[in-house]
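In what follows, a structure is listed as structure tokens, so that the remarks can point back to it.
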Amino acid sequence: MPMGTSVLSLRIDGELHEQLRRHAAKRGMSVQDYVIRTLMRDDFDQRFKTAVEETERFYGVT
């Protein structure tokens, strides 16, 4: 089944946006392209799972 495109809207604070902008600029990319490329990386699923688990431990979510 062919997949179309979708729109994902994110609300992030100014500090995170600036950090993303700097990382993207180092690579000559827009913030949008940088985020998309990061999401497409092969190891994203594992990195995301680890980040969620660490966040849950930090906030005490079970």
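Listed by first and then second residue, the side-chain hydrogen bond (donor to acceptor under 3.5 Å, both in side chains) pairs that reach into residues 3-17 come to none, sequence neighbours excluded.
Take Phe58 and apply the side chain to side chain contact (heavy atoms under 4.5 Å, CB included) test, not counting sequence neighbours, and it matches no residue.
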Solution key, residues 27-36 side-chain donor-acceptor pairs under 3.5 Å, sequence neighbours excluded:
unit_1: Arg27; atom_1: NH1; unit_2: His23; atom_2: O; d: 2.8
unit_1: Ser30; atom_1: OG; unit_2: Asp33; atom_2: N; d: 3.0
unit_1: Ser30; atom_1: OG; unit_2: Asp33; atom_2: OD2; d: 3.3

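Crowding of Arg37 atom CZ: a count of heavy atoms from other residues, nucleotides or ligands under 6.0 Å not exceeding 12.
Of the N and O atoms on the side chains of Gln46 and Thr50, at least one donor lies less than 3.5 Å from an acceptor on the other residue.
With rounding to the nearest 0.5 angstrom, the OG1 atom of Thr38 is 8.0 Å from the CG atom of Leu20.
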